[in-house]
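Encoded as structure tokens, the structure appears first; notes follow it.
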2 protein chains.
Amino acid sequence: MDHGSSVRVTIDDVARAAGVSRQTVSRAMNDKGDISEATRRKVLATIEELDYRPSAFARGMRTQKAGTLALIIPDITNPFFPAVARGAFDAAAARGLGVVVHNTDADPAAEAEASRRIVDDGVAGAIAFFEEVDDGAVTALGRRVPLVVADRHSPDPTVASVRSDFATGTRTAIAHLRDRGHVELGMLDGAVHGKPERRRAFLEALGDDGDRVVTAPATVAGGTAGLRELLARHPGTTAVFAFNDLLAIGAVRALKAAGRRVPGEVAVVGYDDIPMAALVDPPLTTVHTDKYELGRTLVEVLGRRLDGHPAEHRTLAPRLVVRGTS
Amino acid sequence: MDHGSSVRVTIDDVARAAGVSRQTVSRAMNDKGDISEATRRKVLATIEELDYRPSAFARGMRTQKAGTLALIIPDITNPFFPAVARGAFDAAAARGLGVVVHNTDADPAAEAEASRRIVDDGVAGAIAFFEEVDDGAVTALGRRVPLVVADRHSPDPTVASVRSDFATGTRTAIAHLRDRGHVELGMLDGAVHGKPERRRAFLEALGDDGDRVVTAPATVAGGTAGLRELLARHPGTTAVFAFNDLLAIGAVRALKAAGRRVPGEVAVVGYDDIPMAALVDPPLTTVHTDKYELGRTLVEVLGRRLDGHPAEHRTLAPRLVVRGTS
DNA sequence: AAGGTTCCCGTGAACGTTATCGTTAGCTGG
DNA sequence: CCAGCTAACGATAACGTTCACGGGAACCTT
């Protein structure tokens, strides 16, 4: 009921106690110049003694920047994202930044709403997994706040990016399947926009017309349905490459239900290496992307941007993890 | 580079454009009284027209409360929490609130640091999954900011709580196992503090001395190790109840590796019903807790608290989901 | 008709910080 | 010895909002 009843220790209290002006206190804690080493230490000591904490509001009011950054993701429930978020949390905490998460369900309207909130809240910077193919929105947000986009490139040179190299990841998976002797390959593509690399690399490697690619919702249920469709089109299919692990797991389930042995009769390889992948039976062969590292790198790149460096563009290398489905 | 170069539309601009004072504008947007319906509509219209957004900083400066709430969890990577977070995100978004997430790894020092940040950032309220058994810290935080704790009760009457009824959940699971004819039961308890209900209910139902309970880290690896220990102590064990699904999945793996059929020779039931539970082979029988609903309820309770209502204490009922391991 | 409400609305002040500019003392160089 | 510089610090003014007042008009009440 009486929240906030205790009086706040302000910068003036510190100034008074240290026998200096509040401006000097400000200089001491913000590592600005124009202050002698002696007084700075004294000020810092009294700050410690009084347990003074600067008001984030008052500070943000002047600087228009908060000590927090925004993370826009489609769905924290999608097993790909918790690890990404964790990497981002840890790296942000190390920098003394908080992270406010926005779920969008890959809905453009929700993405716009999140962007709106972000500029309103005056966060220090933003990290975004955007679905919206229209670059206008991205550029608009990038103009208002330092921005790093994941798995996507922005035409705006001030928007940094970190992406996983899907093309070579896909090629590695297909090469692996060919090494195992498979010739009739099929693909389960995820029904998501803006991520054509996997499908493109697949078609490129096969010189195919696309009839061997079926698109389905990127879920387990989508995987079982998609696999049936694929088998209906090409009964001789002997190996399946999936857009992500959820689809792959669904495919394996459908295969087992149909009485086909995995990997004896049909091999399956997924993408992402979510935690579940190692625990299903048989454990899933998949292209591993380091999600924690992705999250970490995203805030690292954002941090460098906040420190005044130019926008970087980094690429993370995936690697194949061979388990029991191939 | 030139972030924030565009000039801000302030409340004074709106006031000028609408031909009223800024106080009237404030009244219009905050649904305060003392304003006629006519002028309020006019003000709202000009707000819309000028695309005015109140400064969160300036507002927070006066009210000491931001439009954001904090969510303290041990680990977003633990499959239990993404769904909780999602429920919290959705409910918060519906209320126009942002959510800043703090990962603690159940480390008291990290929990203290998160609490520190929370009061510093002046969030509107906080939701916490605390590990710290010492109630002093919880009460201290609760005194500074409206607080709702999950799966735990606070002695402080101003701290609200939402908990899953672990005791009856556990009893239901054990009754199910007994119905199946099992008599030699064992339990895999998680090595976490502050959650004795499951173990207690288990021991209570058995009238046992605790020798049939082995404690292990609440992970898959902990489950396999714990099960071996359990079998070493009581080779005749025919049914295992686990603290959570991770432990249960680990147990099933160990069982299969040891050549024991599940559920033919040994039955296993987990707790939580994480997404993985339905996908392992055989699919896991488990006590389902509605994690999304938990997250949703947590912010609902917090919201009512913010609206001035007294602290509530709610309990969510779990239910048994029988699948393939029992 | 005088006093009392109620309904609207505006004026000043305050929240706690940082930016800008000014001031002082001490030092340098010619 | 004085102009000019620099280092260290302080005073004032913002940043944009809400709170505590106060006051005028209209509408009752007796």
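Throughout, protein chains are lettered first and strands after them, A, B, ... in sequence-line order, and every chain is numbered starting at 1.
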Pairs under 3.5 Å (N/O, protein and nucleotides 19-28 of chain C):
residue : atom : partner : partner atom : Å
C:dA19  : N6   : A:Q23   : OE1          : 3.0

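- If you measure from atom CZ of A:R16 to atom P of C:dG16, you get 12 Å, rounded to the nearest angstrom.
- Atom NZ in B:K42 sits roughly 14 Å away from atom P in C:dC8 (whole-Å rounding).
- Under 4.0 angstrom from either OP1 or OP2 of C:dG16 there lies no side-chain N or O belonging to A:S55.
- Between B:R53 and A:D121, none of the side-chain N atoms (NZ, or NE/NH1/NH2) sits under 4.0 Å from a carboxylate O, so this pair counts as no salt bridge.
- A salt bridge links B:R86 with A:D75; the closest basic N to acidic carboxylate O contact falls under 4.0 Å.
- Per the geometry, CE belonging to A:M61 stands 15 Å off P belonging to C:dA14, to the nearest Å.
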Stepwise salt bridge (Lys or Arg N to Asp or Glu O under 4.0 Å) test for A:D151 and A:R163: CA-CA 4 Å; A:D151 289 344; A:R163 40 198 339 208; over 6 Å; no
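- For A:R8 and A:D13, the salt-bridge test fails: no basic side-chain N is under 4.0 Å from an acidic carboxylate O.
- The residues A:D34 and A:R40 are annotated as not salt-bridged, no charged nitrogen and carboxylate oxygen being separated by less than 4.0 angstrom.
- Bounding nucleotides for the chain A contact on DNA chain D, 5' to 3', at a heavy-atom distance below 4.0 Å, are D:dA8 to D:dG16.
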A:R314 and A:E300: CA distance, side-chain angles, deciding distance, salt bridge (Lys or Arg N to Asp or Glu O under 4.0 Å) verdict: CA-CA 11 Å; A:R314 295 206 201 166; A:E300 182 185 330; 3.1 Å; yes
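- Across residues 113-124 of chain A, not one residue has a non-hydrogen atom less than 4.0 Å from an atom of DNA chain C.
- Contact between the side-chain N/O atoms of B:T39 and the OP1/OP2 oxygens of C:dC9 is found at a separation under 4.0 Å.
- Put simply, CD1 on B:I35 is 16 Å from C1' on C:dT6, counting in whole angstrom units.
- Here the C1' atom of nucleotide C:dT18 and the CZ atom of B:F57 are 13 Å apart, to the nearest Å.
- Judged by closest nucleotide on DNA chain C, B:V20 is the one of B:Q64 and B:V20 placed further toward the 5' end.
- An OP1 or OP2 oxygen of C:dG10 is reached within less than 4.0 angstrom by a side-chain nitrogen or oxygen of B:T24.
- Across A:A92 and A:L69, no two heavy atoms sit closer than the pair CB-CD2, 4.5 Å.
- Heavy-atom minimum distance, A:P82 versus B:T77: O-OG1, 4.0 Å.
- Salt-bridge check for B:R41 with B:E37: passed, with a basic side-chain N closer than 4.0 Å to an acidic carboxylate O.
- The aromatic rings of B:H153 and B:H313 are tilted relative to each other, their planes meeting at an angle between 30° and 60°.
- Shortest non-hydrogen contact noted between B:V159 and B:G142 is CG2-CA, 4.0 Å.
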